[in-house]
Amino acid sequence: MDIQQHIAERAIAGASALYEVSLDAKDLVISETKQEIEGDYTLVVFPLVRHSKKSPEATAEQLGEWICGDSDHLDSYSVVKGFLNFTLAPGSWSTILVDLLDTDLDAPSGIQSKALVEFSSPNTNKPLHLGHVRNILLGWSMTKILEATGHEVVTTQIANDRGIAICKSMVAWRQFADGATPESTGTKGDHFVGNYYVRFEKEFAQEYLDWQSSEEASALLSSQSADAQADPAKYWKDYKNQYFNQHSTLGAQAKEMLLRWEADDSATRDLWRQMNGWVYSGFDQTYETMGVSFDQIYYESDTYLLGKEIVAEGLDRGIFYRKDDGSVWVDLTDEGLDHKIVLRSDGTSVYITQDLGTAEQRYTDHAAKRMIYTVANEQDYHFQVLFAILKKFDKPYADGLYHLSYGMVDLPTGRMKTREGTVVDADDLIEEIKQAVIKNSEEKGGLHELDASQRSDIQHRIAMAAIKFFILKVNAKKRMIFDPSESVDLHGHTGPYVQNAYVRIQSILRRYGTETLSAVSADYALLDIEKRLLMTISSWKDTLTAAARTYDPSLIANFSYQLAKEYHRFYHDAPILKATDEEKGFRVRLSQMVAKYLAYSFELLGIDMPDRM
RNA sequence: GGCUGCGUAGCUCAACUGGAUAGAGCACUUGACUACGAAUCAAGAGGUUGCAGGUUCGAAUCCUGCCGCGGUCACCA
C-alpha cells in the first residue's frame, strides 16, 4: 500500500465532492511531515484555496475531515497554516512493513530498452587520474541504475590509442629506455608508458630552453614587436607549439612517428602495439580494483576514419555545405549554436567526424536507442553540436542521446595541472586510502580472527567504499573539490559509515536468526524512529526512478546515507536484547529489511558490503 | 567579449524540483561503552542562501540587472 498515493486519491475525491473540481495527482504536493510537527504525511493545501474559496486553514480543516472520515489508514489530522498533517492508523504501519517485505527493489520502467553507456575513455599515453575516477564511478553507477530500472545495458569506452601523445611516449622509449619493459623494471604498464611521456616532455622542455639562447632564436625574437621583446618569457611560452612544429628535433621525431604510424609502417605499428599493450594491462588492473568492466571497447585507431560517409550523405541531403576551400560545415545557428566544421579542406576527419561515425557504428553493433556519454562538462558544447547534427539526420537513436556531463574535480589548491605535477594518480589514491583503512582496522582489531585474505578483502571493500561514496555523493553536474585528507575519513557522511550500519545488522542476524521470530500484531505501536525507517524505505522507488530520470547517482548515495543514519539511531534507541518477543520480531524483521535496501543501494553505486568490519 | 555552468555554516555537501523555523558531515565544546559492534549515539554553537530588484499566499529554487569563480568559443582531441 502506498500511503502517499492513498492520500492523493482521497484528496482528489474530496476536492471533487466538496469543490466540484477535478484534480490530477500531480497538482498535489504530499510530503513527509517535518520532524518537529505532529503527523506522518503532509498535504499542502495552498494550491487548493482558489477552488475552495476559503482560507487555507478552513480548507485544510474541511478537507482533512473529509479525507480522514472514511479512511482505514489515516487516523487523524492536524492543521498548521495551510498544511494538513495526517497521522497514520497504528495498523497501517504493519501493513506497510508487510508490503515492503514483499516488494522487489528494482523498478522496471515498463519501456524495456537497450542502453549503451560510455565511460572512462582514456588516452593511452598515461595512467588514469582522479578525473577518470569520477568518470568511471558515474558511468558504472548509471549502468547499474539503468539496469535496475529495466534496461539492458552495454558498457563501453573508446580508447584514445593513437595520435601525437602516444608517439611522444614511443619516441622517448626508443631513445631512453634501452629496452626496459614493465616486467624488467617491475612497473605497472600504464605508469611505465606514462613515465616515458613525462620524459619526453622534460627532454623537450630542456631542448626548447637551450634553443632559446641560440642565434636563430635571438634573431627571431629581435624581429618581433617591442611588446614581445620586453617580455621574452611570455613570448617563448606562447611560441612553444610553433617551436614544436617547426624547429624541435624531438618534435620532428614525434611527428615522423605519427606519419609512419599512419602509413602503417610495420616496425612503428609493432612498437605502438607493444606500448599500448602495456598500458591496457595496467588499465585492466585498475578497472579490476575498482570493480568495473566493459562489454566492448572501441579503439580510436579503428574508428578515426569513420564518419566520412555520413559527411557525404549530409552533403547530398543538404544538411552540410562545402566551402570554396573544400572544407565541409554545418550551420546550426537555428539551434542557437554556430557554424561548425565537420571535415577539413584536405578531406581528413576532425574530432566530430569520428564521433558521428562512431555513433553510427555503435548503433549498427548494438541497436541501442539510448546512448549515454560520460564526459566532463568542458565538452558540453561539443555534444550539443554532435546531438544536433544527428537529429538533423533523423537518426532513430537521436532522441536517446544523453551527455552525462560532470564537473571537474579540483584540489583544495585549485585545478589539477600536469605541468605542476598536481595530478592525483588513481592507483596512488586508492593505495593511500587503503593504507588508512588498514591502519584503522588493525587498531580496532575487529578482524583479527579472520585469515589474511579475508581480512584484506574486507579492507579493500571499505577503502573502495570510502573513495566511491566520497565522489558519488556529490551531484554529478557540480564541480567538486577533492581533499585527500578528507577522503580517508571513515566517520560521518561516508561509505564506511553506511557499511557499518549493514555490518551491525549482519551481527544481529547472526545472533538472533530470523526463523523463529514472533508474529507482530496489527496494532503494534511503533517508535518514531521505526516509523521513520519505514517511511524512508517507502521512498526508495521514487528515489530510484528519479536517479534514472535525472542521471544522478548522488540521489542513491544520499538515500543510503539517510537510511543508515536512521538505522544507527534505531540501533541505539531500540534494543532487541531486552525487548519483548513481539518487539524482537518486529525489530529483527525491520533490521533485515534495512540491510536489504542498504546493500541494494550500494550495489547501484558499485560498492560492495562487508559482513563484518 | 559571445555562449554556458556555478555561488548555501569556517570547510565538504543536502534541500523531495515553488512549501513550514534552509538540513547533514568534518572541525570545535560537552555527555553516553561491564549484555545486540563506540567506524556509533545524544546535546551545544555555527546562516541576510554573492548583491539589488521583481513574480507569488509562499523563493536557495522562477525572471531581470549587477558582482565573483569556472568552462567553452581551433581545419586540437
Side-chain angles (χ1 to χ4, degrees), chain A residues 29-37 42 44 46-47 49-50 55-56 80-83 85 123 160 162-165 241 300 304 323 325-329 336-338 341-352 354-355 376-382 384 405 407-408 410 412 414-415 437 440-441 443-444 446 462 466 470 473-475 477-483 485-487 489-494 496-501 503-512 539 542-543 546 550 554-555 558 561-562 565 568-569 571-573 575-579 584 587-588 591 612-613:
Chain A
V29 180
I30 299 165
S31 55
E32 293 176 17
T33 302
K34 272 184 72 111
Q35 231 34 252
E36 319 78 57
I37 292 169
T42 295
V44 183
F46 288 108
V49 299
R50 65 195 178 95
S55 72
V80 181
K81 292 189 281 183
F83 298 90
N85 309 306
N123 294 324
N160 298 299
R162 60 167 284 280
I164 195 71
N241 262 333
E300 196 199 357
Y304 82 112
K323 282 192 179 173
D325 63 4
S327 57
V328 179
W329 295 71
L337 302 171
D338 216 332
I341 191 162
V342 293
L343 199 68
R344 293 194 189 105
S345 54
D346 65 3
T348 57
S349 297
V350 291
Y351 185 39
I352 203 152
Q354 297 177 45
D355 271 2
N377 64 9
E378 58 187 349
Q379 295 200 39
D380 283 355
Y381 186 73
H382 170 75
Q384 279 184 40
S405 168
M408 300 287 203
D410 289 331
R415 198 172 167 169
V437 167
N440 193 272
S441 161
E443 281 168 8
K444 289 208 150 43
I462 297 170
F470 188 86
K473 74 179 178 186
V474 182
N475 186 314
K477 284 181 299 204
K478 294 181 105 167
R479 158 180 168 270
M480 69 174 286
I481 293 177
F482 185 92
D483 186 342
S485 68
E486 221 172 288
S487 70
D489 194 356
L490 311 174
H491 304 276
H493 194 185
T494 67
Y497 172 93
V498 179
Q499 286 180 321
N500 186 232
V503 164
R504 282 178 140 183
I505 296 171
Q506 297 316 303
S507 173
I508 283 178
L509 296 178
R510 277 193 295 271
R511 182 168 183 132
Y512 299 105
S539 71
D542 287 344
T543 302
T550 61
S554 73
L555 296 177
N558 287 330
Y561 173 69
Q562 190 192 334
K565 185 172 166 57
H568 277 306
R569 177 165 191 158
Y571 182 91
H572 183 266
D573 289 357
I576 291 171
L577 203 58
K578 45 189 169 189
K584 191 165 140 187
R587 288 171 188 174
V588 173
S591 297
R612 57 189 78 219
M613 62 197 285

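Residue numbers start from 1 in every chain, and the chains themselves are labelled A, B, ... in the order their sequence lines are given, proteins ahead of strands. Values reported hereafter were calculated over all heavy atoms of this structure, with side chains retained and with hydrogens, waters and symmetry mates removed.
- Residues A/K473 and A/E486 are not paired through a salt bridge, judged by the lack of any N-O separation under 4.0 Å between the basic side chain and the carboxylate.
- Under the side chain to side chain contact (heavy atoms under 4.5 Å, CB included) criterion, A/T348 pairs with A/R344, A/D346, sequence neighbours left out.
- For A/R50, there are no side chain to side chain contact (heavy atoms under 4.5 Å, CB included) partners at least two apart in sequence or on another chain.
- Qualifying salt bridge (charged side-chain N to carboxylate O under 4.0 Å, His left out) partners for A/D542, counting only residues two or more places apart in sequence or in other chains: none.
- Among residues two or more places apart in sequence or in another chain, the ring-ring contact (aromatic ring centres under 6.0 Å, His included) test is passed with A/H382 by A/Y351.
- The phosphate of B/rA38 (OP1 or OP2) has no side-chain N or O of A/R569 nearer than 4.0 angstrom.
- By the ring-ring contact (aromatic ring centres under 6.0 Å, His included) test, A/Y304 is found to be paired with A/W261, residues two or more places apart in sequence or in another chain being considered.
- The base of B/rC41 is not paired with the side chain of A/Y571 by any donor and acceptor separated by under 3.5 Å.
- Secondary-structure annotation of RNA chain B gives the stems B:1-7 with B:67-73, B:10-13 with B:23-26, B:28-32 with B:40-44, B:50-54 with B:62-66, with a stem taken as at least 3 successive Watson-Crick or G-U pairs whose two distances both fall under 3.5 Å.
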Restricting both atoms to N or O, compile the protein contacts to nucleotides 19-23 of chain B shorter than 3.5 Å, with distance only.
unit_1, atom_1, unit_2, atom_2, d
B/rA20, N6, A/T42, OG1, 2.7
B/rA20, N6, A/N85, OD1, 3.1
B/rA20, N1, A/N85, OD1, 3.2
B/rU21, OP1, A/K81, NZ, 3.4

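- In this structure A/A501 satisfies the side chain to side chain contact (heavy atoms under 4.5 Å, CB included) test together with A/A564, A/Y567, A/H568, A/L598, sequence neighbours excluded.
- The side chain to side chain contact (heavy atoms under 4.5 Å, CB included) check on A/T42 picks up A/S31, A/T33, A/F83, A/N85, with sequence neighbours excluded.
- Distance from the side chain of A/I481 is smallest to B/rC13 among B/rC13, B/rG70, B/rU72.
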Point to revise | Per-nucleotide protein contact string for nucleotides 26-35 of chain B, where B marks a base within reach and S marks sugar-phosphate only (heavy atoms under 4.0 Å, - for neither) | key: S--------B
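- Anti is the classification of B/rU4, since its glycosidic angle lies more than 90° from 0.
- Of all nucleotides listed (B/rA39, B/rG25, B/rA38), B/rA39 comes nearest to the side chain of A/M613.
- By the side-chain hydrogen bond (donor to acceptor under 3.5 Å, both in side chains) test, A/Q35 is found to be paired with A/R532, residues two or more places apart in sequence or in another chain being considered.
- Under the ring-ring contact (aromatic ring centres under 6.0 Å, His included) criterion, A/F470 pairs with A/F482, not counting sequence neighbours.
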